[in-house]
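On a predicted model such as this, the values are computed, not experimentally measured, just so you know. Order of the sequence lines sets the chain letters (A, B, ...), proteins ahead of strands, with each chain counted from 1.
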Amino acid sequence: MRARPDDDRRQRILATVDSIPRGAVASYGQVAREALLPGRARLVGRVLAELPAGSRLAWHRVLNAAGKCSFPPGSPHAVEQRRRLEREGVEFSGTGRVDLARFGWCP
DNA sequence: ATGCTGACCAGGC
DNA sequence: TGCCTGGCCAGCA
């Protein structure tokens, strides 16, 4: 089995997301940096988008740099993401934003 | 090959 | 706060 460069990056991204602790959130860009892929936030989003439905990965702990979920408000994914985060104690403001200063992951 | 489209982001206004 | 811009880069028509 020969790992392609692509798989290597993908694995680093998945491993990084997997290391975000319960009750904390990280932005796509932050995950990219931690995975040694600075500036590749879109790649993180792409990789997460390809996750199988039943994945055990904590994809819900990844929000955009504004502290908001990157799905259309009210969409199934957005609702699920918020529900999972709130169950971990993450709070959302009235505008549906998470205060990254309070809940942001500090590696 | 080329152009468009994103689970994005930082900077400027 | 929000909108726009340029940068990013992999997939797909």
So, A/Arg61 side chain and A/Ile20 main chain: donor-acceptor pair closer than 3.5 Å or not?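 At least one qualifying donor-acceptor pair exists.
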
Does OP1 or OP2 of [N] have a side-chain N or O of [X] closer than 4.0 Å?
{"X": "A/Arg97", "N": "C/dT1", "result": "yes"}
{"X": "A/Arg40", "N": "B/dC9", "result": "no"}
{"X": "A/Arg9", "N": "C/dA10", "result": "yes"}
{"X": "A/Ser27", "N": "B/dC9", "result": "yes"}

Using a strict 4.0 Å threshold on nitrogen-to-oxygen distance, state whether A/Arg102 and A/Glu91 make a salt bridge.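 So A/Arg102 pairs with A/Glu91 through a salt bridge.
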
So does A/Glu80 pair up with A/Arg84, basic N to acidic O under 4.0 Å?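 Salt bridge present between A/Glu80 and A/Arg84.
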
Protein-nucleotide distance ([X], atom [atom1]; [N], atom [atom2]), rounded to Å:
{"X": "A/Gln81", "N": "B/dA7", "atom1": "CD", "atom2": "C1'", "answer": "8 Å"}
{"X": "A/Leu37", "N": "C/dC8", "atom1": "CG", "atom2": "P", "answer": "15 Å"}
{"X": "A/Ile13", "N": "B/dA7", "atom1": "CD1", "atom2": "P", "answer": "15 Å"}
{"X": "A/Lys68", "N": "C/dT1", "atom1": "NZ", "atom2": "P", "answer": "8 Å"}
{"X": "A/Asn64", "N": "B/dC9", "atom1": "CG", "atom2": "C1'", "answer": "9 Å"}
{"X": "A/Leu57", "N": "B/dA7", "atom1": "CG", "atom2": "C1'", "answer": "13 Å"}
{"X": "A/Leu14", "N": "B/dA7", "atom1": "CG", "atom2": "P", "answer": "17 Å"}
{"X": "A/Tyr28", "N": "B/dC8", "atom1": "OH", "atom2": "P", "answer": "6 Å"}

Out of B/dA7, B/dA10, B/dC8, which nucleotide sits closest to the side chain of A/Ala41?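 Taking heavy atoms from C-beta onward, the closest nucleotide is B/dC8.
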
According to the interplanar angle, ranging from 0 to 90°, do the rings of A/Trp59 and A/Phe71 count as parallel (below 30°), tilted (30 to 60°) or perpendicular (above 60°)?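 Perpendicular: the ring planes of A/Trp59 and A/Phe71 meet at over 60°.
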
Along DNA chain C (nearest heavy atom to each residue), the more 5'-positioned of A/Arg42 and A/Glu50: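 Its nearest nucleotide being more 5', the pick is A/Arg42.
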
Assign each of A/Gly39 and A/Thr95 to its nearest nucleotide of DNA chain C by heavy atoms, then name whichever residue's nucleotide is nearer the 5' end.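 Checking each residue's closest nucleotide, the 5'-ward one belongs to A/Thr95.
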
What contact category does A/Ala49 fall into here, base, sugar-phosphate, or nothing, at under 4.0 angstrom with non-hydrogen atoms?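 Base contact - A/Ala49 has a heavy atom under 4.0 Å of at least one base atom.
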
Cation-pi check for A/Phe92 against A/Arg82: NZ or CZ below 6.0 Å from the six-membered ring centre and within 45 degrees of the axis, yes or no?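 That pair qualifies as a cation-pi contact.
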
